[in-house]
Amino acid sequence: MIYRENGQFKTTYAADQQIFTIAQDKWFVLGLIAFAFIGVPMLADEYMFRAILIPFLILSLAALGVNLLVGYCGQITLGAGAFMAIGAYAAYNFMIRIDGMPLIAALLLGGVATAGMGILFGIPSLRVRGLYLAVATLAAQFFCDWAFLRLGWFTNYSPSGSVSISNLSVFGWSIDSPIEKYLFCLIFIVAFAFFAKNLTRASIGRQWMAIRDMDVAAEVIGIRPMWAKLSAFAVSSFFVGVAGALWGFVHLGSWEPAAFSIDRSFQLLFMVIIGGLGSIMGSFFGAAFIVILPVVLNQILPALGALVGVEISTAGIAHAEFIIFGSLIVFFLIVEPHGLARLWAIAKEKLRLWPFPH
Amino acid sequence: MSRIIGDVILDLQNISLRFGGVKALTDISFDIREHEVRAIIGPNGAGKSSMLNVINGVYHPQEGKIFYRGEERRKMEPHMAASTGIARTFQNIALFKGMSVLDNIMTGRNLKMKTNILLQALWLGPAQKEEIEHRRKVEEIIDFLEIQHIRKTPVGRLPYGLQKRVDLGRALAMEPQILLLDEPMAGMNVEEKQDMCRFILDVNDQFGTTIVLIEHDMGVVMDISDRVVVLDYGKKIGDGVPDEVRASPEVIKAYLGAGH
């Protein structure tokens with residue numbers, strides 16, 4: 001009843017090319033962002049910030065980057081974890097090697113360095129595609145695991161192999177408390193989501209999607225495959241690299257290469273598949289599903305057990321968590337192979353007609 | 001008709017194309033004049049689509065020369081051919097299935113869009129202005145092809161005839177000099193064919209676009225084309241105005257077999 005676009009006429013192309021063409025969508029998302037900035041800091045406790053919200057935000061950013069490459073440009077990658085690592089270590093090196101390096105500049109430069117590596121590891125995509133490309137990008141993962149473990153320069157010859165960053169501050173604002181860290185990440189993710197949306201609705205985004213959907217036809221209408229694919233690798237890696245730098249600097253504080261193992265690459269790819277390939281919103285859904293659901297299950301299961309009078313052991317909870325989580329993934333993929341974002345779109349379609357079925 | 005057939009715009013000389021031991025095209029020469037409708041016909045497997053692929057740079061012939069506007073064309077990639085003003089549609093529709101009709105046609109404007117990736121990410125002035133400018137052009141094409149009602153529909157959901165029309169729209173968005181149409185009417189019913197003929201003739205007439213057409217429907221070919229090339233087994237067996245070609249014994253033999 002409320003979700004209607006009746007009476008919302010557009011008289012200019014600019015109006016028709018907005019991010020949200022339906023007013024309710026716009027207000028909903030703006031409201032959500034406002035709530036995230038104002039409401040959440042008042043409601044959440046420290047555990048929520050540390051264990052759920054900050055990881056969720058940073059991994060959403062990484063998933064967004066992966067989605068640009070996999071979902072929009074159709075190039076499968078299994079190297080996302082490696083690109084996060086490159087972002088983190090590059091930002092770390094910019095931070096410690098250049099005096100007075102501002103934090104934001106270091107994070108962004110980490111992203112730029114990752115973009116360069118992304119282009120390098122994206123070169124095989126000009127020749128191979130699909131699963132073969134996935135295997136080729138795996139090389140990035142193994143190479144980075146090795147490089148950050150064995151080449152001392154990257155870790156500033158730290159004897160333990162782990163590196164750490166402390167005293168984060170931006171323009172005199174020192175970022176120590178979980179709330180501040182959360183807000184700092186939130187600013188990044190909102191800005192980057194906006195950039196991603198702009199790219200995907202502009203000419204570059206159409207080039208990526210054209211390459212994804214039909215590369216021969218794309219070339220025939222004048223899209224250079226090399227430019228389209230490598231720019232997708234670069235932009236995607238930039239996003240993932242910045243996410244990696246945030247993960248290291250803000251979330252972990254000190255880390256070693258294992259923090260960006262191949263598990264992370266798979267996790268990011270799953271987020272994108274479950275959330276919805278080729279959807280900005282989907283990246284957030286996917287990240288939420290994978291980060292938040294296990295925690296929620298962990299909290300709910302003992303309560304459920306108590307309700308039916310069964311005491312579940314801690315180990316039992318951990319096992320049940322895996323089982324339920326796994327079956328939910330299977331369930332969602334069967335119900336909607338196009339991901340949670342498609343379910344969301346279908347729900348909106350239905351809502352437009354509700355309460356009349358036709 | 002008011003249009004005037006101009007000079008030779010594309011001249012193909014002694015083109016031979018082989019895939020390993022298979023000879024797809026053997027020593028084929030013909031030319032295409034500006035503003036004309038040039039049909040390529042022939043039985044299945046005669047090398048018609050290969051010929052189009054040679055023209056727009058997908059295949060590289062081993063022998064022969066191609067002159068485009070009087071200049072010999074060197075090694076050519078499809079996107080380079082596109083930037084010199086050669087557009088094409090496909091036999092099996094090759095639209096971008098995940099995108100809307102509007103976005104598909106907007107993709108055809110790609111070569112004309114110049115703002116850089118940073119401006120696009122920030123959606124700053126020039127990028128936005130460019131987007132609107134090209135949207136206006138695209139809407140003209142949408143009006144021309146009478147597909148206003150489906151502009152926001154994902155092309156995967158459209159019926160076949162409309163998809164063919166969108167395919168044409170995407171090629172037109174490039175404002176091509178030469179438009180290559182690979183069986184634009186295959187699988188259509190009579191009304192759809194009539195519509196498509198009308199669009200092709202209108203494009204030719206209004207925009208002066210040179211059209212190279214592959215088609216199996218002889219009625220259509222003889223009706224709308226100015227000159228016809230006939231291929232059979234990768235060789236040229238006929239070339240001329242429709243009536244000449246229809247009367248040629250070689251062509252009759254290729255289509256109907258010997259002894260008629």
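Residue numbering restarts at 1 for every chain, and letters A, B, ... go by the order of the sequence lines. The analysis underlying the following values was restricted to heavy atoms, covering all of them including side chains, and did not include hydrogens, waters or symmetry mates.
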Residue [X] versus chain A: region with a heavy atom under 4.5 Å:
X        : value
B/Asn110 : side chain
B/Ser83  : neither
B/Met113 : side chain
B/Arg109 : neither
B/Leu180 : neither
B/Leu122 : both
B/Lys129 : neither

For a quick check under 3.5 Å, do B/Thr89 and B/Asp167 share a side-chain donor-acceptor pair by atom type?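 Side-chain D/A pair, B/Thr89 to B/Asp167: absent.
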Just by distance, no angles: are the side chains of B/Gln148 and B/Asp143 close enough, under 3.5 Å, to form a donor-acceptor pair?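 Result is yes, a qualifying pair exists.
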Residue selection (most heavy-atom pairs with chain B, distance under 4.5 Å) from [options]:
options                                : value
A/Ala191, A/Ala202, A/Ala196           : A/Ala202
A/Val220, A/Val235, A/Thr200           : A/Val220
A/Ala218, A/Pro225, A/Ser231, A/Gly205 : A/Ala218

Less than 6.0 Å separating the ring centroids of B/Phe144 and B/Phe207?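 Yes; B/Phe207 has its ring centre under 6.0 Å from that of B/Phe144.
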Are B/Phe19 and B/Tyr59 close enough that their ring centres sit under 6.0 Å apart?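 Ring centroids of B/Phe19 and B/Tyr59 are less than 6.0 Å from each other.
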So do B/Phe96 and A/Ile221 actually touch side chain to side chain, heavy atoms under 4.5 Å?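 Result yes, sub-4.5 Å side-chain heavy-atom pair found.
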Within 45° of the axis and under 6.0 Å from the centre of the six-membered ring of B/Phe30, does NZ or CZ of B/Arg38 qualify?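 No, a cation-pi geometry is absent between B/Arg38 and B/Phe30.
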Any sub-3.5 Å donor-acceptor pair from B/Arg73's side-chain atoms to B/Ile55's backbone N or O?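 Yes, the answer is positive, given that a donor and an acceptor are paired below the 3.5 Å cut-off.
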Counting only N and O atoms by type, is there a donor-acceptor contact under 3.5 Å from the side chain of B/Gln91 to the main-chain atoms of B/Asp182?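 No.
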Where on A/Glu219 is there a heavy atom nearer than 4.5 Å to chain B: the side chain, the backbone, both, or neither?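 Backbone plus side chain of A/Glu219, per the 4.5 Å heavy-atom cut-off to chain B.
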Residue list, side chain to side chain contact (heavy atoms under 4.5 Å, CB included) with A/Met209, at least two apart or on another chain: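 With neighbours one apart ignored, the set is A/Tyr72, A/Arg212, B/Met99.
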Applying a criterion of heavy atom separation less than 4.5 Å, what residues of residues 111-124 of chain A form contacts with chain B?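 No residue falls under the 4.5 Å cut-off.
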Shortest non-hydrogen contact from B/Gln62 toward B/Leu17: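 Nearest pair, atom of B/Gln62 first, then B/Leu17: OE1-CA, 3.3 Å.
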